[in-house]
Q: 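Structure below; questions to follow.
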Number of protein chains: 2
Amino acid sequence: MTIEINFNSEEAYYMQIRNQVISQIAYGELKKGESLPSVRQLAEEIGINMHTVNKAYSLLRQEGYVKIDRRRGAMVDVEYRQDADLKEISDEMYLLVAKARCKGIDKDRVHKMVDEHYAKGN
Amino acid sequence: MTIEINFNSEEAYYMQIRNQVISQIAYGELKKGESLPSVRQLAEEIGINMHTVNKAYSLLRQEGYVKIDRRRGAMVDVEYRQDADLKEISDEMYLLVAKARCKGIDKDRVHKMVDEHYAKGN
DNA sequence: CCTGATGTTATATTATAGATATAACATCAG
DNA sequence: CTGATGTTATATCTATAATATAACATCAGG
């Protein structure tokens, strides 16, 4: 697994890790059942603190993307929560569509964006 | 204009204000050319500090949603930056689609979400 | 020419979150 | 027993969010 931290970004390191893991699961670079590096391993590899990686992994578990075993570490195991997941994504989409509407981006253009992202990988 | 702050939310006050203004512009509750309350007015109305409101307004200006006149205050005036706006929204959509794909939400379901949000107001 | 309301700037303080640094602990495969 | 795992606990440092005062430049309107 490859994680790259942008140290100049305003986005928190643990969020960058979390987002990249989600992206890699979605686009097939991380497969179901596959193990993530240990918190210590990944921390050293990217040159940050263990606790920061741990925070990312804990969040991923809490959000239902991985399962964590006390000694085998974290592995990809997406938990489906149809109602909660749909609501969360719809809520985020609400603001995104609001921005688009303000900026004069029409529905078809947004559909095209969605299609492009669905066309990738996997 | 009505702004409601959720004081228990983890989301910063100034971001709540910014998001609600964007939403209201998008869905027609705030019309082009319409004035926002002064920073002092709105701050007192919702019971927070002037500087917090000012931060929200400044961000909205920086992002191209309002124009600020030194003494008439802020008014809705959306600036279109086709390239930058499209890229920003597409980037956000990327992660949103990644989440959806992980959670088994298919493309049609996402399209439906978009349509629902486009169907509202205005 | 004043008055008052506007956004703006400056400084200081407090609280919280992000990140780091050590250290120790429980677990259990090998 | 050993070693690697995630976990928990402190402590420290920095940056951000929010508040609190105060002052400033601007200028419409009386």
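Just so it is clear: chains get the letters A, B, ... in the order the sequence lines come, proteins before strands, and each one is counted from 1.
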Q: Check A/K87 with A/D91, please: is the shortest side-chain N to carboxylate O separation under 4.0 Å?
A: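 Yes.
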Q: Should we count CZ of B/R72 as having more than 12 external heavy atoms under 6.0 Å?
A: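 For B/R72, atom CZ is not crowded (no more than 12 foreign heavy atoms under 6.0 Å).
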Q: Please give me every residue in residues 31-42 of chain A whose heavy atoms get under 4.0 Å of an atom in DNA chain C, ordered by residue number.
A: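 Of all residues in residues 31-42 of chain A, the ones placing a heavy atom under 4.0 Å from DNA chain C are A/R40.
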Q: For DNA chain C, please output the secondary structure as dot-bracket, reading 5' to 3'. Pairs are Watson-Crick or G-U wobble, both atom distances under 3.5 Å; mark crossing pairs with [ ], other-strand partners with |, unpaired with a dot.
A: ||||||||||||||||||||||||||||||
Q: Quick check: on DNA chain C, is the nucleotide nearest A/N49 upstream (toward 5') of the one nearest A/R70, or the reverse? Name the residue that is more 5'.
A: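 The residue closer to the strand's 5' end, by nearest nucleotide, is A/N49.
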Q: Around B/E116, counting heavy atoms of other residues, nucleotides and ligands shown, do more than 12 lie under 6.0 Å from its CD?
A: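 For B/E116, atom CD is crowded (more than 12 foreign heavy atoms under 6.0 Å).
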Q: Within a radius of less than 6.0 Å around CD of A/E11, do more than 12 heavy atoms belonging to other residues, nucleotides or ligands occur?
A: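 Result for CD/A/E11: enclosed.
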Q: Using a strict 4.0 Å threshold on nitrogen-to-oxygen distance, state whether A/E88 and B/K103 make a salt bridge.
A: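 Between B/K103 and A/E88 there is no salt bridge, as every charged N stays at least 4.0 Å from the carboxylate O atoms.
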Q: Using modelled atom types only, decide if a donor and an acceptor are shared between the side chain of B/R101 and the backbone of A/Y118 within a distance under 3.5 Å.
A: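 The answer is yes, because a donor-acceptor pair under 3.5 Å joins these two groups.
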Q: Near B/R81 CZ, under 6.0 Å, is it more than 12 heavy atoms from other residues, nucleotides or ligands?
A: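 For B/R81, atom CZ is crowded (more than 12 foreign heavy atoms under 6.0 Å).
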Q: Using atom types as modelled and distance alone, determine if a side-chain donor or acceptor of A/Q24 lies under 3.5 Å from a backbone N or O of A/T2.
A: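 A pair under 3.5 Å: yes.
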Q: Taking the nucleotide of DNA chain D with the closest heavy atom to each, which residue, B/H51 or A/D69, is nearer the 5' end?
A: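 It is A/D69 whose nearest nucleotide is closer to the 5' end.
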Q: For the CD atom of A/E10 and the CE atom of A/M15, what is their distance to the nearest 0.5 Å?
A: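 If we round to the nearest 0.5 Å, A/E10:CD and A/M15:CE are 12.0 Å apart.
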Q: For B/G73 and A/E11, take the nucleotide of DNA chain C holding the closest heavy atom to each; which residue's nucleotide lies nearer the 5' end?
A: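 In this pair, the answer is B/G73.
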Q: For DNA chain C, which residues of residues 13-21 of chain B approach it to below 4.0 angstrom with any heavy atom?
A: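 Residues of residues 13-21 of chain B under 4.0 Å from DNA chain C: none.
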Q: Using a heavy-atom cut-off of 4.0 Å to chain B, what are the terminal contacting nucleotides of DNA chain D, in 5' to 3' order?
A: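 On DNA chain D, the outermost contacted nucleotides are D/dA17 to D/dA28.
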Q: If you look only at pairs with a residue in residues 47-67 of chain A, which of them pass as a side chain to side chain donor-acceptor pair (under 3.5 Å), with sequence neighbours excluded?
A: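 Qualifying pairs, neighbours excluded: A/R18-A/E63.
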Q: Please check: side-chain N/O of A/H117 versus main-chain N/O of B/S90, any donor-acceptor pairing under 3.5 Å?
A: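 Yes.
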Q: Rounded to the nearest 0.5 Å, how far does CD1 of A/I48 lie from OH of A/Y14?
A: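 That separation rounds to 12.5 Å.
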Q: Counting only pairs under 3.5 Å, give me each side-chain donor-acceptor contact of residues 28-36 of chain B, with atom names and distances, residues two or more places apart or in other chains.
A:
unit_1 : atom_1 : unit_2 : atom_2 : d
B/K31  : NZ     : B/G28  : O      : 2.8
B/E34  : OE1    : B/K31  : N      : 2.9

